[in-house]
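Quick notes on the structure that follows.
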Protein chains: 2
Amino acid sequence: MLDLPFIAVSYCYRGIGHMYFRSNGSKGLCCTCPNRYFQFCKSLLNSSSTEFDPHAVKNLAVTAKQYLYHQGDLNNELFVLREGWVMLTRLSEDGKRQVFRSVLPGELLGFQQHLNGPAIYSAIALLDSVLCKVPKSVEHYSTQPELALSLAATEACDKMLTEMYLGNITHRNARERIAFMVLELFHRLMLRGLNNEYSIQFPLKQEDIGDTLGLTTVHVNRTLHAFRDEGVLQIQRHELTILDYDSLYSLAGSTFKILVPEGLENPIEAGRVGSQVFRSS
Amino acid sequence: MLDLPFIAVSYCYRGIGHMYFRSNGSKGLCCTCPNRYFQFCKSLLNSSSTEFDPHAVKNLAVTAKQYLYHQGDLNNELFVLREGWVMLTRLSEDGKRQVFRSVLPGELLGFQQHLNGPAIYSAIALLDSVLCKVPKSVEHYSTQPELALSLAATEACDKMLTEMYLGNITHRNARERIAFMVLELFHRLMLRGLNNEYSIQFPLKQEDIGDTLGLTTVHVNRTLHAFRDEGVLQIQRHELTILDYDSLYSLAGSTFKILVPEGLENPIEAGRVGSQVFRSS
DNA sequence: AAGAAAAATTAATCCAGGTTAATTTTTTAA
DNA sequence: TTAAAAAATTAACCTGGATTAATTTTTCTT
């Protein structure tokens with residue numbers, strides 16, 4: 001049966017230890033890349049392809065605040081983010097900006113229904129980032145069906161994340177929305193070992209949070225302030241620290257639970273993070 | 001380059017004429033199926049596979065209000081909806097229900113990241129429906145890379161639709177949300193010829209609209225009432241009629257525009273529907 | 001280190017849509 | 001055909017978050 005548990009999985013496996021604020025140089029081979037066990041990279045490395053040589057992967061370095069591409073651009077490349085943080089946004093005619101999601105290390109970037117049609121959103125690097133080019137030719141995938149399936153699973157994964165945000169925004173209030181978003185990002189980084197206990201590097205502005213969740217900056221600010229006063233959560237100098245995981249967890253609600261593996265409700269509390277090895281095959 | 005303009009396209013090509021309230025019998029071969037030029041079916045029929053014989057496709061008939069599967073169910077099949085209307089919903093712990101989207105004829109149903117994991121939502125038929133089983137074995141796709149790519153493109157298509165709903169709900173008011181939803185469904189049905197001028201069969205309850213858009217039934221009712229009074233739109237006896245397309249179009253906003261082909265802003269007004277043949281290859 | 005720009009913060013006011021609770025209409029089942 | 005259940009409708013009232021507009025703090029430039 002078609003099941004790809006070890007391919008294209010964002011949420012269901014642990015990271016490979018602590019690499020907080022990792023910066024291992026912009027050039028590098030796949031064999032030393034911390035993302036090699038994740039998502040698309042994994043299937044790329046597992047494939048029998050000789051057409052695409054992971055040892056000759058082309059890197060692209062971008063600095064923070066630089067756009068990778070803008071909505072409407074044609075013929076963009078397909079990338080995996082090696083390190084950094086990329087945010088996907090779209091500006092509507094009336095000047096409102098929708099933030100769709102953050103792309104974190106190991107995740108695919110740039111795939112859309114019409115790969116060579118105009119980009120449906122803009123991609124901006126929020127941190128200095130390194131991207132690896134992914135082959136885009138049909139021929140390549142034609143001889144690598146596992147890769148094509150991995151693409152499908154990756155898209156399904158993104159779709160699920162978007163759906164969970166949709167449910168979150170549609171049915172929950174400001175505190176719940178922010179709790180969900182913070183926990184979702186925290187877990188996604190933690191799976192890659194990019195946390196330091198309860199802290200993560202957090203380049204999103206309050207405006208970004210608002211544009212993701214459909215809240216004004218003013219209200220995001222009020223809510224974050226309340227969280228800080230209550231000792232739930234604090235953000236300072238681009239570092240987010242979860243002070244009361246359980247409160248956030250209960251605010252995030254059941255929608256969040258389908259994104260995290262069983263038994264990882266509070267992985268740090270339970271002393272689990274870093275104590276288990278990533279299941280590599 | 002990897003571009004699949006004629007595969008897995010929901011939004012960018014026209015239907016093949018009028019088949020309003022089509023009901024051509026539950027058993028049928030692909031060669032006479034009106035969906036054979038769409039999305040996944042198209043690539044299935046174009047593939048060189050001998051493992052999956054489109055002439056021996058297995059149909060499943062379900063009656064309206066019957067669940068195909070529930071959230072949490074294991075090992076569900078993969079289907080294409082041949083005729084009818086299926087809605088995807090998820091109930092959260094606190095009893096709120098999120099409606100994710102409607103699955104319309106020709107669309108794929110049941111694909112998710114973990115195909116054999118628990119279903120992340122329930123699927124309920126809103127009309128009497130007929131579904132065709134789609135092969136689910138890895139082996140099948142391994143010898144049919146175009147099919148696997150078609151899956152990826154189909155998922156990207158669903159993802160885009162979900163993202164547009166997300167943007168719509170996050171940044172727009174009740175009238176705008178409803179206008180967007182109505183137009184989106186109208187266009188999606190029209191692409192398949194399932195409209196009758198400005199009317200479509202519409203099995204959604206006001207509660208369904210509310211649970212899709214994050215509005216209460218009371219407010220959906222108020223808004224629909226206002227639309228009727230203003231001569232914009234009316235729903236009666238499960239039939240939705242667009243009375244003032246242009247008003248709806250301007251309410252739906254720019255988000256909607258990326259879902260419809262250029263020049264189709266008001267296809268009926270322009271006399272275009274039915275006058276062009278679907279581009280079959 | 002100083003000045004400028006960006007981001008965060010705070011307060012006051014307001015309203016779109018929620019909540020609650022009845023009533024009426026439509027659909028379904030017997 | 002009729003009773004019961006489901007869905008739609010309407011009204012009255014209320015609140016979470018929007019809006020607007022300053023002010024303060026932080027970050028970037030030079």
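First the proteins, then the strands, lettered A, B, ... as listed; each starts at 1.
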Q) Looking across every strand, which nucleic acid part, if any, lies under 4.0 Å from A/Gly214 by heavy atom: base, sugar-phosphate, or nothing? A)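 Since only primed, P, OP1 and OP2 atoms lie under 4.0 Å of A/Gly214, the category is sugar-phosphate.
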Separation of [N] [atom2] from [X] [atom1] (nearest whole Å):
X	N	atom1	atom2	value
A/His219	D/dG16	NE2	P	9 Å
A/Ile178	C/dA8	CD1	P	12 Å
A/Arg237	C/dA6	CZ	C1'	15 Å
B/Leu126	D/dA6	CG	C1'	15 Å
A/Asp211	D/dA18	CG	P	11 Å
A/Phe202	D/dT27	CZ	P	15 Å

Q: Go through the steps for A/Glu230 and A/Arg175 under the test salt bridge (charged side-chain N to carboxylate O under 4.0 Å, His left out), then give the verdict.
A: CA-CA 12 Å; A/Glu230 297 164 21; A/Arg175 307 187 102 227; 2.4 Å; yes
Q. Under 4.0 Å: is that the gap between some side-chain N or O of B/Thr216 and OP1 or OP2 of C/dG17?
A.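 For B/Thr216, the contact criterion (side-chain N or O under 4.0 Å from OP1 or OP2 of C/dG17) is not met.
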Q. Closest heavy-atom contact between B/Ser199 and B/Phe186?
A.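 Taking every non-hydrogen atom into account, N-CE1, 4.4 Å.
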Q) How close do B/Asp208 and B/Met87 get, heavy atom to heavy atom, and via which atoms? A)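 That would be OD1-CE, 3.6 Å.
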(Q) Heavy atoms within less than 4.0 Å of DNA chain D: which residues of residues 221-231 of chain B have one? Give them sorted by number. (A)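 Contacts with DNA chain D under 4.0 Å: B/Asn221, B/Arg222, B/His225, B/Arg228.
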**Q.** With B/Glu207, the side chain to side chain contact (heavy atoms under 4.5 Å, CB included) member among B/Thr217, B/Asn221, B/Val99
**A.**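 For B/Glu207, the side chain to side chain contact (heavy atoms under 4.5 Å, CB included) check succeeds only for B/Thr217.
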**Q.** 5′-ward residue of the pair B/Val218/B/Lys65 relative to DNA chain D
**A.**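 Its nearest nucleotide lies further toward 5', so the answer is B/Lys65.
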(Q) How bent is the helix from C/dA1-D/dT30 to C/dA30-D/dT1, measuring the angle between the end axes built from five pairs each, rounded to 10°? (A)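 Rounded to the nearest 10 degrees, the bend comes out at 70°.
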**Q.** By side-chain hydrogen bond (donor to acceptor under 3.5 Å, both in side chains) - contacts of B/Tyr121 (at least two apart)
**A.**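 B/Tyr121 satisfies side-chain hydrogen bond (donor to acceptor under 3.5 Å, both in side chains) with A/Glu163, B/Arg101 once adjacent residues are dropped.
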Q. Closest to the A/Leu215 side chain: C/dA16, C/dA8, D/dA18?
A.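 Out of C/dA16, C/dA8, D/dA18, the nucleotide with an atom closest to A/Leu215's side chain is D/dA18.
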Q. Looking only at side chains, do B/His225 and B/Arg222 share a donor and an acceptor under 3.5 Å apart?
A.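 Note: B/His225 and B/Arg222 side chains miss the donor-acceptor criterion.
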Q: Could you go through the salt bridge (charged side-chain N to carboxylate O under 4.0 Å, His left out) check for B/Lys65 and B/Asp128 one step at a time?
A: CA-CA 8 Å; B/Lys65 299 189 178 177; B/Asp128 291 350; over 6 Å; no
